[in-house]
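Everything on this sheet refers to the single structure shown next.
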Amino acid sequence: MYDIAIVGASGLVGRMFLKGLEEYNIKISNLTLYASRRSAGKKLIFKDKEYEIIELKEDNIGNHDFALFSAGGKISERFAKIFTQKGTVVIDNSSYYRMYDSVPLLVPEVNMDSYNGELLIANPNCSTIQTVVLLKALEELEINRVIVSTYQAVSGSGRNGINDLKRTLKRKNPLFYPYAIANNCIPQIDKFSKDGYTYEEEKMINETKKIMDINLTATCVRVPITNSHSISVNIQFNKEFDIEDVKNRLKRFPGIMYYEEYPVNEMSNDQDYCLVGRVRRDYSQENTLHLWCVADNIRKGAAINAVQILDRIIKEKL
Ligand SMILES: NC(=O)c1ccc[n+]([C@@H]2O[C@H](COP(=O)([O-])OP(=O)(O)OC[C@H]3O[C@@H](n4cnc5c(N)ncnc54)[C@H](OP(=O)(O)O)[C@@H]3O)[C@@H](O)[C@H]2O)c1
């Protein structure tokens, strides 16, 4: 039995952590729900029992076996180490620690073997997770380079994103995105960095390199969809491939659900799989493949990936 804490329990990802802990049948002796002062005193249900949210403060942090963090980078920066100093394994959903050399960046189907008992673990960016799952399925074919274009749902911005879609659908001004997300695709996720890339694009590029040592470039776009991110992926291999072999590798890989035609967002909502379709040869250059992938960004792209890491650590005594 494990003492488990959730930081950011009232958020979209936080609530999904709760669902995931139940679905993955994690044995819990004590559950503590932290959020900001705004949510303190509110109650959430876990396995038919009510739990009160408490305010996250330095002086009320308990001794937990595991803490699942999803309250943004600033909260992770300020609090994650306080938890690890008490011996708690922290699985952090924010981007804050992802590129630290000492912090493993884990996707269970892809690189669980790189985990060496560290107390601080990072969950990759939502779009990175679904990308590396499908790249792992094709890794033996020797990937040279990858180009990704994303079509990312508003739930990826948490409650702010969903509220902005609802507001702008009613023709009210946006409060969160730079333009009305209703009726627009916005080719900007997060701030702009050097050379015209956004932070979201840099996260995908750097995280894929850290997890799989693959050269990838990305254009990340926010679209007026409530949930599940879609990605268009173009992969150049170092050598010739057989299209049926590619399809069979995708069909066999744990974590992928293969579609001979294609999946759409509503098929992916509430699933833990990465749904892959539109697999076809790119005739514009040698050894190149196109495909389409959809995944639930709150589940596999965030909360469930973290719960799967926790589950593997417990089951495999890592
Ligand atoms: N949504 C996704 O697809 C996704 C994917 C990967 C990673 N993430 C990351 O996960 C994090 C949260 O995402 P979300 O979608 O769940 O956002 P959200 O729905 O807006 O929830 C934010 C959570 O953070 C808590 N929080 C904010 N300020 C806090 C403070 N000062 N102290 C303690 N808790 C605080 C909020 O508590 P209150 O209710 O009290 O405000 C709430 O529980 C972000 O870092 C995001 O980048 C999200």
Side-chain angles (χ1 to χ4, degrees), residues 5-20 32-44 51-61 67-80 82-83 90-98 105-107 121-132 150-166 175-177 189-191 198-200 203-204 207 220 222-223 225-231 265 268-270 272 294-309:
I6 296 181
V7 174
S10 52
L12 291 185
V13 177
R15 287 165 194 264
M16 192 58 82
F17 280 146
L18 279 177
K19 222 172 152 197
T32 309
L33 306 180
Y34 298 99
S36 80
R37 189 182 302 169
R38 288 179 293 274
S39 302
K42 289 185 186 160
K43 301 203 170 76
L44 292 174
Y51 290 83
E52 188 169 311
I53 295 175
I54 60 172
E55 183 183 352
L56 181 68
K57 291 190 291 189
E58 275 87 350
D59 58 8
N60 70 353
I61 295 170
L68 300 172
F69 266 61
S70 188
K74 289 204 174 96
I75 298 299
S76 298
E77 178 186 11
R78 187 166 148 206
F79 290 98
I82 303 177
F83 281 72
V90 170
I91 306 175
D92 180 27
N93 247 288
S94 83
S95 58
Y96 189 77
Y97 285 108
R98 287 182 193 151
L105 186 59
L106 299 179
V107 178
I121 298 165
N123 217 35
N125 170 271
C126 37
S127 298
T128 308
I129 291 177
Q130 70 192 86
T131 302
V132 295
T150 72
Y151 305 71
Q152 295 183 221
V154 295
S155 61
S157 312
R159 292 168 300 187
N160 286 330
I162 292 189
N163 291 339
D164 234 33
L165 178 59
K166 285 184 185 155
L175 292 177
F176 181 69
Y177 295 119
I189 301 184
D190 213 328
K191 294 178 196 142
T198 59
Y199 285 6
E200 184 81 354
K203 282 177 217 164
M204 284 200 74
E207 292 174 21
C220 294
R222 187 73 66 195
V223 296
I225 289 285
T226 305
N227 195 51
S228 284
H229 292 347
S230 306
I231 58 174
N265 300 66
S268 150
N269 291 341
D270 299 325
D272 294 350
V294 192
D296 185 325
N297 51 294
I298 302 291
R299 289 185 67 91
K300 184 59 188 167
I304 297 302
N305 193 68
V307 172
Q308 289 171 336
I309 293 169

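All ligand and atom numbering here is 1-based and tracks the order in the structure.
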Protein contact for atom 46 (C) of ligand 1 (heavy atom, distance under 4.0 Å): no
Element-labelled atoms of ligand 1 that are located less than 4.0 Å from some non-hydrogen atom of G301: 5 (C), 6 (C)
Distance from atom 26 (N) of ligand 1 to nearest protein heavy atom, with residue and atom: A71 CB, 3.9 Å
Proximal atoms of ligand 1 relative to A302 (non-hydrogen, under 4.0 Å): 5 (C), 6 (C)
Minimum-distance protein heavy atom relative to atom 10 (O) of ligand 1: S70 OG, 2.8 Å
Ring centers of F83, Y34 separated by less than 6.0 Å: yes
Nearest-0.5 Å distance, CD of residue Q308 to CD1 of residue I129: 9.0 Å
Distance from atom 19 (O) of ligand 1 to nearest protein heavy atom, with residue and atom: L12 N, 2.9 Å
Residue pair I61 / F79, side-chain heavy-atom distance below 4.5 Å: yes
Nearest neighbour in protein (non-hydrogen) for atom 40 (O) of ligand 1: S36 OG, 2.5 Å
Protein contact to atom 31 (N) of ligand 1 [nearest heavy atom, distance to 0.1 Å]: I75 CD1, 3.3 Å
Rounded distance [0.5 Å steps], OG in S155 versus CG in D296: 7.0 Å
Rounded distance (nearest 0.5 Å) linking atom CD1 of I6 with atom CZ of R15: 11.0 Å
Atom indices of ligand 1, in the order listed, that fall short of 4.0 Å to a heavy atom of N93: 6 (C), 7 (C), 9 (C)
Protein heavy-atom partner closest to atom 16 (O) of ligand 1 - residue, atom, separation in Å: V13 N, 2.9 Å
Any donor-acceptor pair under 3.5 Å from N93 side chain to A306 backbone: no
Atom indices of ligand 1, in the order listed, that fall short of 4.0 Å to a heavy atom of I298: 1 (N), 2 (C), 3 (O)
K74/E77 salt bridge by N-O under 4.0 Å criterion: no
G8-ligand 1 polar pair, N/O distance under 3.5 Å: yes
Protein heavy atom at shortest distance from atom 36 (C) of ligand 1: R159 NH2, 3.6 Å
S157 side chain near Y177 side chain, heavy-atom distance below 4.5 Å: yes
S39 neighbourhood, listing ligand 1 atoms whose heavy-atom distance to it stays under 4.0 Å: 38 (P), 39 (O), 40 (O)
Check: S228 main-chain N/O paired with N297 side-chain donor or acceptor under 3.5 Å: yes
Nearest neighbour in protein (non-hydrogen) for atom 17 (O) of ligand 1: G158 CA, 3.6 Å
Short N or O distance, L56 and ligand 1, threshold 3.5 Å exclusive: no
Stepwise side chain to side chain donor-acceptor pair (under 3.5 Å) check, N125 with E200: CA-CA 8 Å; N125 170 271; E200 184 81 354; 3.0 Å; yes
Exercise: identify the closest heavy-atom pair between T131 and M204: OG1-CE, 3.3 Å
Numbering as shown, the atoms of ligand 1 that approach S155 to under 4.0 Å (heavy-atom distance): 1 (N), 2 (C), 3 (O)
Ligand 1 atoms in contact with S10 (distance to a heavy atom under 4.0 Å): 36 (C), 37 (O), 38 (P), 39 (O), 40 (O), 42 (C), 43 (O)
Side-chain donor-acceptor pair present, D190, T198, cut-off under 3.5 Å: no
For ligand 1, the portion of N123 having any non-hydrogen atom under 4.0 Å away: neither
Which of the ligand 1 atoms, numbered from 1, are nearer than 4.0 Å to a heavy atom of R38: 27 (C), 28 (N), 40 (O), 41 (O)
